[in-house]
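Chain A is the first sequence line, chain B the second, and so forth, proteins listed ahead of strands; every chain is numbered from 1.
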There are 2 protein chains.
Amino acid sequence: MPSRQPRAPKADPETDEAIHAAIARAVMDGSLRAGTKLAEHRLAEIFGVSRERIRKVLHRLGAERRIEIIPNRGARVPQPTLAEIRAIYEAHRVLEAGVLMALLPRLDDAVLARLDAHLAEERAAAERGDRSASVRLSGAFHLLLVDAVGNAELSRILRDLLSRSSVMVSVYEPASQSICAVDEHGAIVEALRARDVARAVALSAHHFQHVEQRLRVDPGPAPATDLAAAFRPYAPAKTVRARRGR
Amino acid sequence: MPSRQPRAPKADPETDEAIHAAIARAVMDGSLRAGTKLAEHRLAEIFGVSRERIRKVLHRLGAERRIEIIPNRGARVPQPTLAEIRAIYEAHRVLEAGVLMALLPRLDDAVLARLDAHLAEERAAAERGDRSASVRLSGAFHLLLVDAVGNAELSRILRDLLSRSSVMVSVYEPASQSICAVDEHGAIVEALRARDVARAVALSAHHFQHVEQRLRVDPGPAPATDLAAAFRPYAPAKTVRARRGR
DNA sequence: CCCCGACAAAATGTGCACATTCTCTGGATT
DNA sequence: AATCCAGAGAATGTGCACATTTTGTCGGGG
């Protein structure tokens, strides 16, 4: 009975994390078309792991609201409504208003120096025309603000919102324009330096409304629907079989 | 070889939800001492289900930050530091400041009427001396505020914070005092009615700081550590075996 | 007397096989 | 001709057995 072969001892403790990050990234940067089905068996083949492991990762992603899981019907890449996306931006805006008010008592030269340094980075990226870096740094600016408050809970909540809003940027945001105008970030910092909270809050709200209004009404063309292609850098070549002409 | 008995076909679709709710409640209302180990096998016995089902529920609770899961070491009832609890209250306070500002444009007679009705309920509970209802209604007041904004994301975030802060109330909150002074809630509503946002925000902040300062430094006596006893209403009697004199 | 290493027991993690549910296709009936 | 039902195929859900890791204990050495 125990004709059991030794079985590959690849119980990497960080494999789960890698798969989780890979799927989260693919969903967030738009490599996978909204509505694409994430079949457990396909993903298990692509990543070369057992189905149970994929299953666990998928459920975790579902709990994080990064993908959508329907009982007995599997996981799908979510297809958020424009209204839902605006709701996330609005939540971010409301939260940041509170953050700015809470930040005032903790605002010192060190924090302002860090913000100035970050603004310099943002301007450099904008001048280089590096859109990818601009998007990343633009988000990091808001994280810098909330981190300065020194409350881990707040940082975690805002980080979550930010990661989910960045999902849709690639779909709903017109590529021709830069995401966050650096000047708007700079204006917020100046208001903070002058300890004018009301103005900082107003600038922040205006900033977010600016971003919200720029969102396109209809989603852009679907990027890709082939799972294997989306995860190519992570998939061993041999596991990418000829896909069925479904 | 297939001497497999039919096996109880109890694949209730709502069993998971019931177990999840039971454990969440037990953790949140303090039936289980902070630090208590939640062994999968014990819980499986108590609830009369397979270990895998408990496992899934436990991991979900961990993702929701209601319990603490350490890889290869199992799940425990979290033992938050006073600092962590204050951080949650602070996050709630910062968030509510933003909520109050966002609420102003949406504030109409209907919302004010709902708030007034709620205040009446709170006062009634306080006069009855019904502490349990007071705690519940006090939390519901803040939910009412955020729900009035009409943003599902904000409501979800605040609901999560509230459920986690209510965990610790039973541990760190002195039982002799009422949780939220109804008058403080009433004052916030009055400030809103006068459309004086600055005052409403200040009152709200003062209110939360009031609650934070009342927290006891040292946790109270541990209520219970016996899993079977904590889940008694959910556990079939026969599964409650004589506990090992560990 | 204290500390360290190894062994044993128990708890968690994982893969596999089976059960259940859903989807899709093909055909018969109204 | 359109609709509905039935059956096959495929995908998800679940329990079980085994592997791995951790923890508590005992014995020997410093």
Side-chain angles (χ1 to χ4, degrees), chain A residues 1-20 23 35-63 67-77 225 227-228 239 241 243-246, chain B residues 1-20 23 35-63 67-77 225 227-228 239 241 243-246:
Chain A
M1 193 244 283
S3 66
R4 188 183 297 270
Q5 56 184 355
R7 186 194 294 169
K10 51 163 59 178
D12 293 333
E14 38 184 312
T15 299
D16 288 46
E17 194 59 34
I19 295 176
H20 179 276
I23 298 180
T36 302
K37 185 164 173 51
L38 298 169
E40 300 174 354
H41 196 274
R42 292 294 308 277
L43 291 171
E45 275 182 358
I46 289 172
F47 287 98
V49 300
S50 77
R51 191 167 70 91
E52 315 305 308
R53 197 172 287 242
I54 295 291
R55 188 176 180 70
K56 196 175 66 176
V57 171
L58 248 40
H59 277 274
R60 179 172 155 209
L61 286 164
I67 64 175
E68 188 182 9
I69 289 189
I70 307 171
N72 288 324
R73 301 200 35 192
R76 308 183 80 86
V77 178
T225 187
L227 288 183
T239 64
R241 309 185 313 182
R243 46 200 125 118
R244 334 204 287 280
R246 169 185 279 240
Chain B
M1 195 240 280
S3 66
R4 188 182 296 270
Q5 56 184 353
R7 186 194 291 168
K10 52 163 58 177
D12 293 334
E14 38 185 309
T15 299
D16 288 49
E17 195 59 33
I19 296 176
H20 178 276
I23 298 180
T36 303
K37 186 162 172 48
L38 298 168
E40 299 173 355
H41 195 276
R42 292 292 310 276
L43 291 171
E45 276 181 358
I46 290 172
F47 286 98
V49 300
S50 77
R51 190 167 71 89
E52 316 304 307
R53 199 173 286 244
I54 296 290
R55 187 175 181 71
K56 196 175 66 175
V57 171
L58 249 40
H59 277 276
R60 179 173 154 207
L61 286 164
I67 64 175
E68 187 182 11
I69 290 188
I70 309 173
N72 289 325
R73 298 195 44 189
R76 310 183 80 86
V77 179
T225 186
L227 288 183
T239 64
R241 309 184 314 184
R243 48 202 125 120
R244 335 204 288 280
R246 168 184 278 238

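Rounded to whole Å, atom C1' of D:dA10 lies 13 Å from atom CZ of A:R42. Rounding to whole angstrom units, CG of residue B:L38 and C1' of C:dT12 are separated by 14 Å. Going from atom CD of A:E45 over to atom P of C:dG15 covers 16 Å, rounded to whole Å. What separates NE2 of B:H59 from C1' of C:dA11 is a distance of 12 Å, to the nearest Å. Distance CD1 (B:I54) to P (D:dT14): 13 Å, rounded to an integer number of Å. Residue B:R53 contributes atom CZ, which lies 19 Å from atom C1' of C:dG13 at whole-angstrom precision. Note: NE2 (A:H41) to C1' (C:dA17) measures 13 Å, nearest angstrom.
Of the side-chain N and O atoms in B:R55, none sit less than 4.0 angstrom from OP1 or OP2 of C:dT12. One finds a side-chain N or O of B:K37 lying less than 4.0 angstrom from the OP1 or OP2 phosphate oxygen of C:dT12.
Which of D:dT14, D:dA11, C:dG13 sits closest to the side chain of B:K56 comes down to D:dT14. In this structure, the nucleotide among D:dT12, C:dT12, C:dG15 sitting nearest to the side chain of A:E40 is D:dT12.
Within the model, atoms CZ of B:R60 and CD1 of B:I69 stand 12.5 Å from one another, a figure rounded to the nearest 0.5 Å. Here A:K56 contributes atom NZ and A:L58 contributes atom CG; the two are 12.5 Å apart, rounded to the nearest 0.5 Å.
In this model, a side-chain donor or acceptor of B:R51 finds a partner on the base of C:dG13 within 3.5 Å.
Evaluation of the salt bridge (charged side-chain N to carboxylate O under 4.0 Å, His left out) test over residues 68-77 of chain A, restricted to residues two or more places apart or in two chains, returns none.
Within the nucleic acid shown, B:E52 comes within 4.0 Å of at least one base atom, counting heavy atoms only.
Here the rule is side-chain contact (heavy atoms from CB on, under 4.5 Å) with A:V57, and of A:I19, A:L43, A:T15, A:L38 only A:I19 fits it.
When side chains are defined from C-beta on, B:V49 does not count as touching B:D16, because their heavy atoms never get closer than 4.5 Å.
In terms of the salt bridge (charged side-chain N to carboxylate O under 4.0 Å, His left out) criterion, residue partners of A:E40 (sequence neighbours excluded) are, by chain and number, A:R51, A:R55. Take B:H20 and apply the side-chain hydrogen bond (donor to acceptor under 3.5 Å, both in side chains) test, not counting sequence neighbours, and it matches B:E64.
Listed by residue number, B:P71, B:N72, B:G74 are the residues of residues 67-76 of chain B with a heavy-atom contact under 4.0 Å to DNA chain C.
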